[in-house]
Every structure is written in structure tokens, then in C-alpha cells.
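Each remark here refers to the structure printed beneath this line.
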Amino acid sequence: MKFASSYEPNQYESDIYAAWEAAGVFKPTIPTIPVDDNGDGVDDRFEAGAFETVLRRREQEERSAAHDDGPAQARRESTASNLCYSIVMPPPNANGNLHIGHGLTVALEDSLTRYYRLKGASTWYIPGADHAGFETWVVYEKNLEKSGHTRFEYSRDELYSRVWDFVQMQRGNMELQLRALGASCSWDDLTFTLDENVIDRVYTTFEKMWNDGMIYRGEKLVNYCPKHQTAFADIEVDHKDEKGTLWELAYDDIIVSTTRPETLFGDTAVAVNPEDERYKDMIGKTVHLPLTDREIPVIADEHADPEYGTGAVKITPAHDFDDFEVGNRHNLERIQVISEDGHMINVPEKYLGLTTEECRKQVLKDLKDQGILKGEKKIVHSVAHCYKCDTVLEPMLKEQWFVDVEKLAKMAIEHLENDEIKFYPDNKKRVVINYLKNLKDWNISRQIPWGIAIPMFKKVTEEATDEPDWIFDRRTNLTEIEKSGTRYVRDEDTFDTWFSSSHWPIVCTDWSEENPTPYYPLNVMETAGDILFAWVARMIMMGVYVTGEVPFKEVYLHGLVLDEHGQKMSKSKGNVINPMDLVEKYGSDAFRLGILRGRSAGMNQAFSENSVIAGRNLCNKLWNISRLVQSIVDEEFENSATRGLPEATAEDEGASPVTLAPWDANCRRQTGASDPSRESTISNSLYTTDNMGEDWICREINECTKQIEQDMKDYRFAEAVETLYQTIWDKYADWFLESQKIYRNAALLKATLEHLLIILHPFAPFVTETIWQNLSWTEGFIITQKWPSRLNYDPITAEQFESILTIVSEVRGTLQALPGTNNANKYALMYDNDSLVEDNLLLIKALTKVPDINALDGKPRGLRLALANHELYLDVPEQVVAEYKDALTEKILSVGRELDALNARMMNPNYVEKAPEHLVKETKDQIKEKEALIDRLKTQQELI
RNA sequence: GGGCUUUUAGCUCAGUUGGCUAGAGCGCAGCAUUCACAUUGCUGAGGUCACAGGUUCAAGCCCUGUAAAGCCCACCA
């Protein structure tokens, strides 16, 4: 016996993965770089006919799902991109560990990759690693502080190289974990977000934008974390509702409302609504700013809401986003009173150097003493927090680089409205368009060293020349450069990580204008729904801007993986599930099957260990199915000389160049091959279907395969897994294999098992490959097999088998319901004039476990089964039948209720008139059947 | 304020263009045991499909409204 009695994933998974990797099966089969082997000056990948066999298969598929073809579609027709399937991995943190979300991502992406690989595409699943700018920086800075140092002791370049070393030391776990999850990605093509080609591409884009006038330097308010001393993009800000106080302060005759009294030193106006009668007379006058000797003007601006607070608002353009806008409209001075490390500056001596919090207390005290504080109210308002350290963010006036997004957004919207990207779930497309329509200019400067340096240099001002103040230059390894005799120093800031990430599909596929690749646009972008704006929207803008084409044809967004009670996982709640623990405990396949179960696009959904256990059970079931099938096939083929099994012709074989030696009894790989004569017989056998169950299982497997094809097209992973689960377990094992214990059909067993293994492989790669190798019927890896074509069967016999299923189920149910236990082998079954039963005596006997099945001799006796079309009796003594009487009455009643409902439907003239004909006919048939059934049950009842 | 999503069995979810006598897994109850598999097999219980109206021969599905839960964007002096 080659197979152990249960499947132990840990014994096989890493070996299997290593074998795949060594054989190079993860690499795309169509080259990713241009080739011109025939020397005709044309990129061979784009020549039609180069991959005829694949193309033919593709065409068939395309034809069945033909849809309108835009110009881009037409251009790609008959080119290599038609045969390619590309997908990039959202890069996990290079020096981190994978969390449950990565587990889901890999399960989804790798299932797609493996499916399309089996379908014959040249698949390219491109792995990535993220330098995780801010995250990594925070961790590094914490370490630095622990060792008693601060970032200010080092230059930017020193810090960069220190973090680089730090990351290198920590690296590697993530890649190992991706392997453990079975990700069939092309490791040679792993892209790190700080790779040279990434930086290069980012600089090229930046230069293009600079030349196009889309980059500007501006002093604007940005959200600034005083602790981390860096600015954030709007999208990185965590808004939280908090309780606060609204204070009312008397600025002479006007009472203003504020939540931030300490910023009053930065006030340069008081605004009232132009329509507000209360303050009309004040407009244009000045008021005294408390605690200072300044006078500030009263201005009219729509921003002041007469309904809110006192209707008058102090304006601090340097420390509030709305006030900044008001300041711009009225040309107000911006006075910065809070420094970048959160202390008071440009304020009277008394307050100088206080933290904002200390200052607020002092200011309130002084205002109260002077009678200026007129009132306070508790309110709830939303406050911006640092998403990393939870510090309250300070709106800070800073010179930063901005991208004018108007053109970018407009182009992206055009392509989106042109339906060039299909979204799953589809409502997200509208959400993205809406976001892009309201997008504000994008602050791309970050004040952290760990990232891509902004390639801008500032003129050293002492030297007065006509040269521009800022110039673009790629030499960011230098802090200072000279150009046209003028000295320039490098801007110390780095790019917002999303600026470079937005190039991901371009850099991963190595697209360039000179060498467009058939792998761009990607077939699908699969990622988490919560980075729809930060990443997906930006990739679309950047893709269109750089390449003129959308970066991907479809977007699949997954939701959050919640805990088993639908709660968000968090360290503080202690409900975090580590995917690697589950892989360790139940195997990679079990994890993948478990996490895909019950999951649909865009939804935050619960996940529990139970679903992984269900997955593990399926793997074990499949393992044992294979064990049984192999034992039958082995036995049958040993006698095959006398049986004369037919042989397949050459074109039915799926030859593959890679071979693995089979495992021995201890599931370790042997060096030698197994008996070649036996192997060739098995691998060449063709099947015929000899009985109804065989036709039936072929039909069911075909249905299942078709279903999976549709599900994969629609990204319905959970449904695909569900279908497989039921086909393998309920149909193949519980019915077909049970019947094969009676009628053995080795060639069919082989064909069907291989078929099932292949269609399960995208979801459970390890167990299917392990079994494939153990069976060693067909050469090569399962991962590179062909997606199976339909099995041949006779539909009429397949349908007839359903009757057997009904009979067997009814016998089992009735036996259970009869008084007493263990009834199965007590009572014989009798049939009257029923050829279906007569022809399948052995099978029915085996499935029902009744001791005997006989033709009825003489008058009917015993218990008649509740079957409309079959005359079957259980040979039960009258006394037992009498005890069963209540159950029988209940059955008659329940069938009667069903019959009433059907009759009511037919009594409705509108139904008969308007419903489709086939439904009316169906109802009529059902009525006939129910009537017959009731009739039989009633005779039975009278017999008692 | 604007937008999105969800509500179906004890739990987690399916239910695709209306044809439903509403399904699955887990859980629960009963029965089985030298069988490929106890990570098993068989049988069963369990649902006014959130609520109220409407359209239709027919509504879990379509329309209108209500309620509850969750999310996103904007505002919040």
C-alpha cells in the first residue's frame, strides 16, 4: 500500500513546493522579454500562430463568451497577450509576517493563477515585497530610541542605509510564508519597492509630470504628526469622533466660538456670515485680539455658519484647513504659532515653548481671569489622528511637493466611464469615479528617510543666477550637485509610498514604451477593498498617464477577514488568527479551502477554524478516495491481460517534460521508476461506461467542471469550492465509489479521479499534487496538466440512475423510521414487475444493506414504499407495520398538503394561461405523481 | 449632509435573468461499526427569508417605505 491511511500535509507540502520551484513550473511559458528568434525584426511573442494550440483553445472560449470589442481589444486580437494571464501580488511588507488578509489574497490569486495555468495560459504571478515606508520607519525609529539615539543624530543618507541593513536582516520570513501557502508565483521576478527599476520608472514619471507642469511646490496646510514629524496624505488620516469643548471668547463685542483657544495667537481675522443681521455693522471694523496687542479685522465669509455656536468664528489660517481657505480668499496673513514638534512659537514670552496642551490650559486660565471666557459647551467633533501612533494630528503649514491631479483624474475617469475595467463588486466602479471627481491635489512629500528620494534640487541662494530655483535631477545619491555652474542641494524629503506603488503593474511587468509587454495590462488586480482609493484609484491614474492604457482589465476586491463572531480582528481584542498556525495545524490546502468558503467580493466576512477543519476533512476524504481507487485499479490492471483494456491514441495524452519518481510505502520518493509495463497500460487506457452509475458520475463531473469554469470567470470562489466539495464527497465517494465496489471499471475510475484532481488543484494544490505523484499514472506534475475536457456518457442512463438514488434513499429512510434499531439487515426488499430494480439487484442490495431482494411471490405483503413509480415492499411483519401506522398517516398528510398546493396552482386560470408551458406541464406531472403516491399509501394503510 | 453595504436555520454563509415544495458547512439528535476514510457512513430535527405596503399567474429575488447593524466621503469655529 503506497498511501498512508490518513493525509498528513506536513509530510509532503514543502517537498512538493520545492519540486515545483526546481522544475520552474511557476514561470510564464511565453517569454516576458521580447524575443526575435526568427530574425524578422518582429517580436515573436506578438506573431499570430506562434502558439497555435493554445490559441485554438482560447478562441473556442472567447467565441462562447463573445462581447463587444473596443479598439484596444481588437489590437490585442491574435497576439501573445491573448494567451497570457498576468496578476501581481499586492506586495507584503518585506520584513514582516503574513497576516490573515495575506492568506486570503494568496488563496484568491493563486487559485486564479493555477486555474488559468491549467487552462493553458502562460501565467505570470508576480510576487512583490514592500519597503513599507512609514511602517518600517516607525519600527526602526523605536529601536533607535531604545538604544538611546534619535534620528537627528544622523544624516538622511546614513539613516537610509541603516534602515536598509535593518530590513535585510529581518527579511525572508514573508517569502517562506508565501511558499507555505502554495503561491505559485514567479520568484525570479520578485519586485521590491525600492528596486532600481522601480525608482527609475518613478523618476521618469515624475520628470514627465514636472515637464507637463503637473508638479508644484506649495505652502499648504498638511496633516502633520508631531511625534513622527512627518506629513500625511489625506487618505492616511484616521478621523475619530471625540468629545471636546466649544469655548466662547469675547473679542470685544463679538463672541467667537472655538475648540482650540491656544491658536488665538495665530488669528488674523474674525469671520461672520454676510447675511447675518447680528454682525452686519461690524464687517470691516477691527476687534482687539485678547492676550495680545493686536487688532484684527472682522470679515464677511460664507464659511461662518450663523446657526453654529455664536455665528462668529476666529480665523487662524496657519492652523486650520477651513481657515486656510478663508485666509486665501481674503488675503490674510498666516502666522504659525505651533512648531513642528508641537511647541508654541511666535507667541508672547509667557507662552513660548509650551506644548499645545499646556498652552491651552494657560490661555483658558488667563482668559477666564480677564473675563473674556464667556461660556463653554461640550460637543462631539471628529479629530484627525495619526493612524500609527494615535497622536492628534496638527494641521501644519509646510512647503511640500504637490501633484495637480486634475488631468490625471480626468483621464482615469474617461477610461473608467468607457468600461475598460470591470469591478467585482461592480458598484465599486462608481465609488472610484466619484472619488476621482472630488480628488484634491496630492501631497507627495514625506519627511521620513526610508523611501524613494524626491529627485529635486534647490538652488543655493547666495549665488544669484538666472537659473530656476528648483531643478529635476536623477542623481539623488548626491546631496549636492552642480549644473550650469550653479550649485543645488537635494530636497531631503521622500515620496509618498503610494506615488511609487501606483506604478506597480507597470514596473512588475517591466512595461516600457519601447518594449510593451503582452502581460500589460494585467488580467486582474486583486486586493483589499480598503485600499481602493489609496492604491487602486492611483494605479489607474498612473497607468493611464504613463502607458495610455488602464493597468488592469478587472479588479477583484476582497473584504476584511473577521473573526468567527463577525468582529474585526485586533491585538487588543486578542482574536487575531495567524494563518501560519492554521497551515501548520491543518495544512495549506485546508487553510485555502477554509478561507475561500463563504466569501464573496467586497464583503467583510467571518472566518473560523471550523471552516479550515472542513477543508482538512475534504483533503483527507480525497486521500482515501484515491487510496480506494488505486487499490481497485491496481487489482484490475493486474488482470488486464485477460480483460484486454483498450488503449488511447497519442493525441489523448497530456505529455509533460517534467517527471518525478513516485513515493515508496513510507511516502518517500524513490529514485527509480516503477514498473514501466504496468504504467504504460494504465496511462493509455480508455474507459467505457458500463452501467448507470458510471454514466451518472460522468454527467455530474461534467456539470461540476462547467460550473467551476463559470464561477472562475465570475470570481465566485466560494461557489466553486462548494461545488467541488459536493461533487467529490456526496456524489463521487458516497454514491459512485460505493457502486464501484460492485461494478469495477478501472479505466473509468482512473479517468474520473484524475479529472477531479485537476479541477480541485487550483484550490488545493498540495494534496492533489501529492496524490497525483503517488498514483503515478500520468507523467509530470498535475500543476502543468491540461484542464480536462468533458467526459463521455449516455444521458439517458445517467438520468435513470437518479431513480436508483431515490429508491435507495426511500428504503434507508423507511428502515430508520421503523420501530427498533439496526433495521437495515432485518428485512428483505420485494419488487413487483420492476426491471430497473431487477437489473440492479446487487447495487441496491449493497447500498441499502438489506439482506435480500426478491421478486414478489403472490399477493403484496409487508410495507409498501412511498415511491410513485416503483412497486416495492419491505418484508416487514404485520405487527411492525401496525406500529408504523402513525408515521404512515403523517406521510399521507404531508403529501396531501403538497398536492393541495399544486392543485391550487392549477385552479388559477391565470397560471395556466400565463405561466410558461413547461412549468404548467411540470405541475400537471407532479400532481399525477402525488396522486399516485397517496393512492398507494392509502392502500397500504387499509391493509393494516 | 452625500453615498455604499448588510439583514435567509443555533452559528457562518449560498440562493446568478422572478418559477422555491428555500440550500450548504459547522453545530444538534438518533442509528451504524472487523468496510478507503471516526478527519467515517446513514437518517433526521431545525426557517412567517428584518418589517409594512405594492407590482405579478407566481416575490427570498423587482418597486416604495420603515427599522436595525456596519462601512466610506465631506463637515464639525
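Computation of the quantities below employed the complete heavy-atom set of this structure, encompassing side-chain atoms and omitting hydrogens, waters and symmetry-equivalent molecules. A, B, ... follow the sequence lines: proteins, then strands. Residue 1 opens every chain. These figures come from a predicted structure and were not determined experimentally.
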Considering only B/U39, B/U5, B/C42, which nucleotide approaches the side chain of A/Arg812 most closely?
-> B/C42
Does a nitrogen or oxygen in the side chain of A/Arg716 sit under 4.0 Å from OP1 or OP2 of B/G15?
-> yes
Across all strands, who's sitting opposite B/G25 as a Watson-Crick or G-U wobble pair, both distances under 3.5 Å?
-> B/C11
Who is the Watson-Crick or G-U wobble partner of B/U64, with both distances under 3.5 Å?
-> B/A52
For A/Arg430 and B/C4, is the shortest distance between a side-chain N/O and OP1 or OP2 below 4.0 Å?
-> yes
Test item: A/Asp267 side-chain N/O and A/Lys314 main-chain N/O as donor-acceptor pair under 3.5 Å = no
Under 4.0 angstrom between A/Lys568 side-chain N/O and B/G70 OP1 or OP2 = no
Length of the line joining A/Gln605:CD and B/A69:C1', which is rounded to integer Å | 15 Å
Consider only side-chain N and O atoms of A/Lys377 and A/Thr245, and report whether a donor and an acceptor are under 3.5 Å apart.
-> no
A/Gln816 side-chain N/O to B/G41 phosphate OP1/OP2 under 4.0 Å = no
Measure the distance from CG on A/Leu436 to P on B/G3 and round it to the nearest whole Å.
-> 19 Å
For B/U16, the nucleotide meeting Watson-Crick or G-U wobble distances (both under 3.5 Å) is none
Looking at B/A24, B/G25, B/U43, which one has an atom nearest to any side-chain atom of A/Ala614?
-> B/G25
Determine: side-chain N/O of A/Ser611 to OP1/OP2 of B/C26, distance under 4.0 Å, yes or no.
-> no
Side-chain contact test, heavy atoms from C-beta onward, threshold under 4.5 Å: evaluate it for A/Phe423 versus A/Tyr556 and give yes or no.
-> no
Sort out the partner of B/C4 for me: Watson-Crick or G-U wobble, both distances under 3.5 Å, none otherwise.
-> B/G70
Tell me: CG of A/Asn825 to P of B/C31, nearest whole Å?
-> 16 Å
What nucleotide, of B/C26, B/A24, B/C57, holds the atom closest to the side chain of A/Asn908?
-> B/C57
Look at A/Trp729 and B/U40 and indicate whether a side-chain polar atom (N or O) is within less than 4.0 Å of OP1 or OP2.
-> no
Checking B/C13, B/U5, B/C42 against the side chain of A/Asp734 (C-beta onward), the nearest is B/C42
Watson-Crick or G-U counterpart of B/A59, or none if no pair lies under 3.5 Å | none
Atom-to-atom span, CZ of A/Arg599 to P of B/U5 - whole angstrom | 20 Å
Grab the CG-C1' distance between A/Asn610 and B/G10 for me, whole Å please.
-> 13 Å
Pair A/Tyr7 and A/Tyr12, ring centroids less than 6.0 Å apart | yes
With a 3.5 Å cut-off and just heavy-atom distances, do the side chain of A/Glu738 and the base of B/A36 make a donor-acceptor pair?
-> yes
A/Thr923 and A/Tyr911: side chain donor to acceptor below 3.5 Å | yes
Whole-Å distance between B/A24 P and A/Ile613 CD1?
-> 21 Å
Does A/Arg599 use its side chain to pair, donor to acceptor, with the backbone of A/Ile595 at less than 3.5 Å?
-> yes
Taking OH from A/Tyr725 and C1' from B/C13, how many angstroms apart are they, rounded to a whole number?
-> 14 Å
Any N or O donor-acceptor pair linking the side chain of A/Lys741 to the base of B/A36 at under 3.5 Å?
-> yes
Gap between atoms CD and C1', on A/Glu922 and B/G19 respectively (whole Å) | 8 Å
Pick the nucleotide of RNA chain B nearest each of A/Ser626 and A/His239; which residue has the one closer to the 5' end?
-> A/Ser626
